[in-house]
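Report on the following structure.
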Amino acid sequence: MSRFVQLHALTAYPPANLNRDDTGRPKTALLGDAQRLRISSQSLKRAWRTSDLFASQLGSTNGHIGTRTKRVGSEWIYSKLVKDGVEAASAMQWSVDLQRAYGEPEGEDKTNDLAVLTNTQLVHVSPTEEAKLNAFVESLSAYLRFGKADEAVELAKKAIERRDKSKKQDKKKANATLAKELAGLLLDDETTSVDIALFGRMLASVPSYNFDAAVQVAHAITVHKAAVEEDYFSAVDDLNTGLEDRGAGHIGERGYGAGLFYLYVCINRELLIDNLGGDVDLAGRAIQALLHAVTQVAPTGMQNSFGSRAYASYLLAEKGNQQPRSLVQAFMKPVRPWGENDMLSLSVQALRQRVDNFDKVYGPCADSRCHFDAESGEGSLAEVVAFAKE
């Protein structure tokens, strides 16, 4: 089995604002002394993993998609305890401590403020871990209401008691030790959900439960020079008859850009299988779901305003154990259409030439390759998926 699967995709987007910067304008990057439009990897990964297409491709393994949140303490612990009839103060105390398994509480000094039930970081929780927590909270609720504790609740109680005894000397260290003990009751470190296995998880308070991402995703950039333009727009007030005021009900502007984007993705199949506890079949279905998402799912930014959904026009997949490398160098010199040579065909030529040149200089950079080209009608997504999974 080849260790790495590398993907090189070309996708054309019409006028769009798929991924905004802090001013609301499309993100950009400077490459080859030319400004390019850019779509961040974070934007792409979220669009992929939350898409209906990604879930549907996993079929019966749909329960392997996790939840990313800062609200474990408030939504999954405190609210359930209070709903069961547990006294609010007791529910608050337990919720603050239990969420330490997922991250440090915000505003920890505000013990009477519900803000303390929010984590300082987003945490990705697998369905198995969510089920573990739900079962624990049910047992905890029974203990707090009726005084009967099961083994897990008893272990948590003792851990909290030890923390309370030692935190007078070093509160931070005591809470860190508690987080590790509670993580042992609530988290998994050997296998996880498909999206965590693909894109990784970082838990600052309990790093032993981190998962290294099996997929590396570059920021997508246009293969050509691109500019951010401004869309000046107005909206009409339907109840304004125009007898006194013929002006618009609203006037505004938003940035947009259009172009052909190059995207590079590298999949470490060995790490993916390891993250999934050795489940080779599930790893194959994860790669299939990812390929469908990469080629068919667009970021959701301002889709209602621009309708800028797009499929990849070209995809090259490579397999092998060689050191991975991007082909972005093919576009250091911005692509410019000339004569009968359009932007897409020239970009495909540039990619293929870069592949050939790397192979000449370094030796074969992949053991095998497969592609589809929607412009010429060569190949298919199904063929590339089968190639990547085998």
Side-chain angles (χ1 to χ4, degrees), residues 63 66-193 196 201 203-210 277:
T67 301
R68 199 175 181 206
T69 183
K70 297 176 69 174
R71 303 184 180 189
V72 172
S74 60
E75 299 296 326
W76 288 353
I77 305 174
Y78 179 80
S79 63
K80 292 180 180 180
L81 290 176
V82 171
K83 186 177 180 180
D84 283 349
V86 175
E87 183 182 306
S90 181
M92 171 74 76
Q93 183 178 356
W94 273 93
S95 299
V96 170
D97 280 333
L98 288 176
Q99 77 168 7
R100 293 183 191 281
Y102 308 91
E104 288 295 318
E106 284 187 354
E108 192 168 352
D109 294 333
K110 302 176 182 179
T111 53
N112 294 322
D113 189 339
L114 288 179
V116 77
L117 297 179
T118 302
N119 283 9
T120 55
Q121 69 172 103
L122 282 166
V123 58
H124 212 149
V125 183
S126 72
T128 301
E129 290 169 331
E130 183 181 350
K132 271 189 178 182
L133 178 61
N134 287 338
F136 183 91
V137 171
E138 286 183 16
S139 298
L140 177 61
S141 175
Y143 163 68
L144 294 176
R145 288 179 295 150
F146 309 119
K148 184 178 180 180
D150 65 7
E151 182 181 359
V153 172
E154 196 63 46
L155 289 172
K157 274 180 57 187
K158 292 178 180 178
I160 292 172
E161 289 169 0
R162 285 192 295 272
R163 186 279 312 271
D164 291 341
K165 289 179 181 178
S166 60
K167 74 176 181 179
K168 294 179 181 178
Q169 286 130 9
D170 191 335
K171 182 178 179 181
K172 186 175 181 179
K173 184 177 179 180
N175 281 331
T177 300
L178 175 61
K180 292 177 183 177
E181 294 191 61
L182 293 175
L185 296 173
L186 302 173
L187 300 179
D188 293 328
D189 60 355
E190 294 184 355
T191 185
T192 189
S193 60
I196 296 176
R201 175 172 77 181
L203 292 171
S205 57
V206 283
S208 59
Y209 291 88
N210 290 348

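Looking at every heavy atom in both residues, Leu182 comes nearest to Asp97 through CD1-O, 3.1 Å. Residue Leu185 comes nearest to Ala152 through the heavy atom pair CD1-O, 3.7 Å, listed as atom of the first residue, atom of the second, then distance. Closest of all the heavy-atom pairs between Gly277 and Thr191 is N-OG1, 3.5 Å. Heavy atoms only, all atoms of each residue included: Ser141 and Val86 are closest at OG-CG2, 3.9 Å. In plain terms, the two heavy atoms of Gly103 and Asn119 that are nearest each other are N-ND2, 3.7 Å. When all heavy atoms are compared, the tightest approach of Pro105 to Thr120 is O-CG2, 3.7 Å.
A 4.5 Å side-chain heavy-atom check between Arg100 and Ser205 finds every atom pair outside the cut-off. Tyr209 is not listed as a side-chain neighbour of Lys180, based on a closest heavy-atom distance of 4.5 Å or more. Looking at heavy atoms from C-beta onward, Leu203 lies in side-chain contact with Leu187 at the 4.5 angstrom threshold. Side chains of Tyr78 and Met92 form a contact here, defined as non-hydrogen atoms less than 4.5 Å apart. Taking 4.5 Å as the limit, some side-chain heavy atom of Val125 sits within range of a side-chain heavy atom of Trp76. Contact check for Glu181 versus Arg163: no side-chain heavy atoms found under the 4.5 Å cut-off.
Between Lys158 and Glu161 there is no salt bridge, since no side-chain N of the basic residue sits under 4.0 Å from a carboxylate O of the acidic one. Salt-bridge formation is detected for the pair Lys70/Glu106: a Lys NZ or Arg NE/NH1/NH2 atom is positioned less than 4.0 Å from an Asp or Glu carboxylate oxygen.
Distance check: Glu138 CD to Leu81 CG gives 10.5 Å after rounding to the nearest 0.5 Å. With values rounded to the nearest 0.5 angstrom, Leu140 atom CG is found 9.0 Å from Asp150 atom CG. To the nearest 0.5 Å, atom CD1 of residue Ile77 and atom CD of residue Gln99 are 6.5 Å apart. The distance from atom CG of Leu122 to atom CZ of Arg68, rounded to the nearest 0.5 Å, is 5.0 Å. Within the model, atoms OG of Ser139 and CD of Glu151 stand 11.0 Å from one another, a figure rounded to the nearest 0.5 Å. The structure places CZ of Arg71 at 6.5 Å from OG1 of Thr118, a figure rounded to the nearest 0.5 Å.
Remark: Glu75 CD is packed, more than 12 non-hydrogen atoms of other residues, nucleotides or ligands lying under 6.0 Å away.
At a cut-off of 3.5 Å, with distance as the only test, no side-chain donor of Ser166 or Arg162 sits close to an acceptor on the other residue.
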Evaluation steps, side chain to side chain contact (heavy atoms under 4.5 Å, CB included), between Thr69 and Tyr102:
CA-CA 10 Å; Thr69 183; Tyr102 308 91; over 6 Å; no

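A donor-acceptor distance shorter than 3.5 angstrom exists from the side chain of Ser79 to the backbone of Ser74, with no hydrogens or angles considered.
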Donor-acceptor contacts under 3.5 Å from residues 127-136 side chains, at least two apart:
residue: Glu129; atom: OE1; partner: Ser126; partner atom: N; Å: 3.1
residue: Glu129; atom: OE1; partner: Ser126; partner atom: OG; Å: 3.3
residue: Glu129; atom: OE1; partner: Arg201; partner atom: NH1; Å: 2.7
residue: Glu129; atom: OE2; partner: Asp188; partner atom: N; Å: 2.8
residue: Glu129; atom: OE2; partner: Arg201; partner atom: NH1; Å: 3.3
residue: Glu129; atom: OE2; partner: Arg201; partner atom: NH2; Å: 3.1
residue: Lys132; atom: NZ; partner: Asp188; partner atom: OD1; Å: 2.7
residue: Asn134; atom: OD1; partner: Lys80; partner atom: NZ; Å: 2.5
residue: Asn134; atom: ND2; partner: Glu130; partner atom: O; Å: 3.3

